[in-house]
**Student:** 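Got a structure for you, written out below as structure tokens; questions coming shortly.
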Amino acid sequence: MRFALFSRPEKDPDQIEVAHESARYPVALRRSARARRLTLRVSSTTGEVVLTLPQKVALATAKRFAQDHGHWIALRLARLPRRIAIGHGVAIPLRGTPHTIIHWSRVREPARVEADMAGRPVIAVGGEPEFVGKRVREFLQREAKRDLAEAVARHTANLGIPARRITIRDTRTRWGSCSSRGYLNFSWRLVLAPPFVLDYLAAHEVAHLKEMNHSARFWRIVRDLCPRTDEAEAWLKRHGMDLHRYD
């Protein structure tokens, strides 16, 4: 996708709208000094549509380019997994096992795992109904931090190098990261995956404490720490996108 029509720089809006058939799609605009052509991208995790522009491409040219690709945008968005709002009655995976969210009382209490009358796992949530999603997310973040802290402690003990800090975030482009200062960052959504997947991601980032690269030596460390590395990688490739469905 290339356009060679250039003009004086214009002040850009944050986004434009593309109309296709009966729908309208917001498209975020990003100018880049490194871009050499107009590029459209649809995020597989957030569904955000982004149009990247070279510095000198006219805004009107960018708008025409986006509008000409309205069908392409609609197709890409239609292929994304359906997003699910966290709330009463919704089933979400916790450590890979479906748990139904039950708003049981207006009394504000921390969310917790229980079993219903049939013995099926549920996440019981108290407080005002409008805050159910927020309380479930806070619960999942706490559970993720606990699981990851345990996994990191185990792997760092085996490696002999401590981590200085563990942070839980809602990262969209990566499951974890390790800084040169020994700070480990993870997505809270890992607690939705089976435990062996979370364990692998913990081992992966812990291995970076010794090897800040992806060399053959790095992967030997990862596999020594986590024998199920290949299985976890395969699971993430197949199901990882689904973990971003829950809002």
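This structure is a prediction, so every number in the text was calculated from the model and none was measured.
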**Student:** State, with a plain yes or no, whether a side-chain heavy atom of Val49 is found less than 4.5 Å away from one of Leu40.
**Tutor:**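 Yes, their side chains come closer than 4.5 Å.
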
**Student:** What I want to check is whether the side chains of Asn213 and His208 have a donor and an acceptor closer together than 3.5 Å.
**Tutor:**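 Checked: Asn213/His208 side chains show no N/O donor-acceptor pair below 3.5 Å.
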
**Student:** According to a hydrophobic-cluster definition based on side-chain heavy atoms being under 4.5 Å apart (Ile, Leu, Val, Met, Phe, Trp, Tyr only), do Ile161 and Val222 belong together?
**Tutor:**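 Shared cluster, yes.
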
**Student:** Nearest 0.5 Å, please: how far is CG in Asp147 from CD1 in Ile168?
**Tutor:**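 If we round to the nearest 0.5 Å, Ile168:CD1 and Asp147:CG are 9.5 Å apart.
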
**Student:** Could you tell me whether a side-chain N or O of Arg189 sits under 3.5 Å from a main-chain N or O of Tyr246, the two making a donor and an acceptor?
**Tutor:**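 A pair under 3.5 Å: yes.
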
**Student:** Among the clusters formed by ILVMFWY side chains lying less than 4.5 Å apart, do Met241 and Leu192 turn up in the same one?
**Tutor:**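 No; tracing contacts between hydrophobic side chains, which count when under 4.5 Å, never links both residues.
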
**Student:** Look at the side chain of His99 and the backbone N and O of Thr97, then say whether any donor-acceptor pair between them is shorter than 3.5 Å.
**Tutor:**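 Judged by distance alone, yes, a pair lies under 3.5 Å.
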
**Student:** Are the aromatic rings of Trp188 and His244 close, with centres under 6.0 Å apart?
**Tutor:**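 No, they do not, as the ring centres are separated by 6.0 Å or more.
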
**Student:** Does the ring of Tyr183 carry Arg164 above it, NZ/CZ under 6.0 angstrom from centre and within 45° of its axis?
**Tutor:**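 Arg164 over Tyr183 ring: no.
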
**Student:** To the nearest 0.5 Å, what is the distance between CG (Leu53) and CG (Leu38)?
**Tutor:**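 Rounded to the nearest 0.5 Å, the CG-CG separation comes out at 5.5 Å.
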
**Student:** Are any of the side-chain nitrogens in Arg137 or Asp170 under 4.0 Å away from the carboxylate oxygens of its partner?
**Tutor:**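 So Arg137 pairs with Asp170 through a salt bridge.
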
**Student:** Any donor-acceptor pair under 3.5 Å linking the side chain of Gln55 with the backbone of Arg31?
**Tutor:**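 Flag not set: sc Gln55 to bb Arg31 has no pair under 3.5 Å.
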
**Student:** Report whether Trp104 and Val122 are members of the same hydrophobic cluster (ILVMFWY, side-chain heavy atoms less than 4.5 Å apart, transitive linking).
**Tutor:**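 Hydrophobic grouping puts Trp104 with Val122.
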
**Student:** What donor-acceptor contacts under 3.5 angstrom involve side-chain atoms of residues 123-135, with partners at least two apart or in another chain?
**Tutor:**
from	atom 1	to	atom 2	distance (Å)
Glu128	OE1	Arg106	NH1	2.5
Lys134	NZ	Glu138	OE2	2.6
Arg135	NH1	Gly126	O	3.4

**Student:** Are Leu94 and Ile84 connected in a single hydrophobic cluster, I mean Ile/Leu/Val/Met/Phe/Trp/Tyr linked by side-chain heavy atoms less than 4.5 Å apart?
**Tutor:**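 Both belong to a single hydrophobic cluster.
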
**Student:** Report the distance from atom CZ of Arg76 to atom NE2 of His71, rounding to the nearest 0.5 Å.
**Tutor:**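 One gets 9.0 Å once the value is rounded to the nearest 0.5 Å.
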
**Student:** Please determine whether a side-chain nitrogen of the Lys or Arg among Glu114 and Arg112 lies less than 4.0 Å from a carboxylate oxygen of the Asp or Glu.
**Tutor:**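 A salt bridge links Glu114 with Arg112.
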
**Student:** Does a donor on one side chain sit under 3.5 Å from an acceptor on the other, for His214 and His204?
**Tutor:**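 Short answer, yes.
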
**Student:** Output the distance between atom SG (Cys226) and atom CD (Glu233), rounded to the nearest 0.5 Å.
**Tutor:**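 CD of Glu233 is found 9.5 Å from SG of Cys226.
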
